[in-house]
Protein chains: 2
Amino acid sequence: MAKRKDLTTTSLAMLGLLALRPWTTYELAQQMERSLRNFWPRARSKLYEEPKHLVAHGLAVARREQVGRRPRTVYAITPAGREALREWLRRPGAPPALEYEAILKVFLADQGTKDDLLAQIRHIRAWAEAEQLRGQAFLREYATTGGPFPGRLGIIALMVSFLTRIDDGIHEWAAWAEEEVSRWPDVHAAPDKQLFQRLLEKSERHVAAD
Amino acid sequence: MAKRKDLTTTSLAMLGLLALRPWTTYELAQQMERSLRNFWPRARSKLYEEPKHLVAHGLAVARREQVGRRPRTVYAITPAGREALREWLRRPGAPPALEYEAILKVFLADQGTKDDLLAQIRHIRAWAEAEQLRGQAFLREYATTGGPFPGRLGIIALMVSFLTRIDDGIHEWAAWAEEEVSRWPDVHAAPDKQLFQRLLEKSERHVAAD
DNA sequence: TGCATTATCCTCCCAATGGGAATATCGCTA
DNA sequence: TAGCGATATTCCCATTGGGAGGATAATGCA
């Protein structure tokens with residue numbers, strides 16, 4: 001089983017976790033849910049197959065254990081696995097792909113009512129606020145405990161900063177959009193004449209400023 | 001054919017395009033690539049099946065035409081289709097799902113070298129800059145031509161604003177991260193003691209400020 | 001006029017994925 | 001001691017991604 005098939009990004013993601021310490025498949029699946037979900041979301045059911053591919057490629061080894069009568073499998077990375085991971089890290093990663101149904105509904109909002117649009121924007125905003133709170137809880141935990149991998153604190157800081165920037169961006173947009181749309185007479189409102197020109201100039205300033 | 005199966009978000013997205021005007025499947029597929037790719041990316045090959053489901057559900061009608069000897073199919077929305085669309089727009093959309101391999105590599109960067117990490121960040125930054133230029137080209141076009149659907153200008157403005165905010169966020173993060181990492185002795189650098197505390201306070205100010 | 005791209009207009013296929021259901025044991029608490 | 005949530009997986013199927021294939025029409029340019 002788990003013979004064919006090349007390694008996918010998901011395989012390498014799990015290999016990356018194994019580089020930190022050995023895990024059971026269950027723990028691995030949990031980690032994927034907890035931290036990687038935000039930038040590499042994968043269905044839980046698939047996660048149990050990946051380590052088998054890693055073993056088939058000689059990048060990890062499996063050790064079967066027993067907890068009472070229940071079996072479990074602990075995976076650990078091999079030297080070949082570390083090398084494969086390093087090689088993969090050297091290559092540039094794929095650009096982002098965003099899937100956002102709520103924003104799709106904003107895009108098509110001229111087929112509904114102004115109230116629907118406002119509700120959708122408020123919904124987006126509420127989601128962003130909830131995410132911000134989640135992020136703060138995470139930061140509080142790290143500020144007090146230091147987290148389980150002290151050598152990774154710098155990188156964790158990069159990641160937290162990235163994710164909060166996205167959430168903040170969505171939140172700011174939603175706050176602005178709510179304000180903007182609430183001034184429209186209806187969803188077909190023409191924005192004022194020079195809006196696109198102004199957005200363009202803003203973007204040019206923004207890009208020039210770096 | 002195309003009997004079973006409930007309507008997916010992709011079906012509704014195409015129905016939304018049909019609400020603007022009739023299109024051939026080819027044009028529909030193009031529109032999905034051009035504008036929806038940014039927030040609802042779908043494989044090209046699937047896009048030819050969706051309108052058939054819409055027809056099967058009575059939400060669109062197909063008209064077969066000939067261009068010389070080559071047949072084509074033009075789809076148009078039905079009143080039932082408009083109603084289904086309005087109903088769908090009333091319901092809150094799913095939260096965002098982001099898939100970003102390059103950021104995943106940042107997350108695992110402590111298994112590689114500092115140079116790999118810096119290269120990855122620069123790569124991300126270059127991508128963001130290219131996107132900003134694409135956004136500006138789009139804005140320039142709209143600022144001069146007004147675009148094909150004048151009644152949608154307000155909504156287009158919301159969308160452009162959203163997408164540039166995301167790109168700007170990624171770009172700002174990459175610029176900051178490059179600067180930050182370049183000061184580290186290596187990828188395991190511990191950030192300075194109070195960094196998480198400071199990030200937390202920044203986030204709290206940010207959220208409080210709205 | 002002829003020729004070579006490029007655009008239009010699809011269909012088919014397979015491996016991979018999402019998402020849920022199913023199963024069973026462990027360990028704690030009421 | 002019964003029940004419940006956490007641990008620890010497997011299986012399945014409809015849907016998707018991604019690429020290959022193939023035909024005609026319109027165009028640009030030599």
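Naming convention: chains lettered A, B, ... in sequence-line order (proteins, then strands); numbering from 1 in each chain.
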Please pick, from dG17(D), dT8(C), dG18(C), the nucleotide with the shortest atom-to-atom distance to any side-chain atom of K46(B). dG17(D)
Closest of dG19(C), dA8(D), dG18(D) to the T24(A) side chain is dA8(D)
Which pairs, with at least one residue in residues 14-41 of chain A and sequence neighbours excluded, count as a ring-ring contact (aromatic ring centres under 6.0 Å, His included)? F39(A)-F107(B)
What does P51(A) touch in the nucleic acid at a heavy-atom separation under 4.0 angstrom: a base, only the sugar-phosphate, or nothing? nothing
Would you indicate what R44(B) reaches in the nucleic acid, counting non-hydrogen atoms under 4.0 angstrom: base, sugar-phosphate, or nothing? nothing
Can you pull out the residues from residues 64-72 of chain A that lie within a 4.0 Å heavy-atom distance of DNA chain D? R70(A), P71(A), R72(A)
Does a donor on one side chain sit under 3.5 Å from an acceptor on the other, for Q136(B) and S203(A)? yes
Touch check for T25(A), heavy atoms < 4.0 angstrom, all strands: base, sugar-phosphate only, or nothing? sugar-phosphate
May I have the distance from L12(A) (atom CG) to dA16(C) (atom P), rounded to whole angstrom? 15 Å
Name every donor-acceptor pair, under 3.5 Å, that has one atom in a side chain of residues 89-103 of chain B and the other anywhere in the protein, sequence neighbours excluded.
unit_1  : atom_1 : unit_2 : atom_2 : d
R91(B)  : NH1    : E87(B) : OE1    : 2.5
R91(B)  : NH1    : E87(B) : OE2    : 3.0
E99(B)  : OE1    : R42(A) : NH1    : 3.0
E101(B) : OE1    : A94(A) : N      : 2.8
E101(B) : OE2    : T9(A)  : OG1    : 2.6

Nearest 0.5 angstrom please: L139(A) CG to K202(B) NZ, how far? 10.5 Å
Length of the line joining Y26(B):OH and dA23(D):P, which is rounded to integer Å: 18 Å
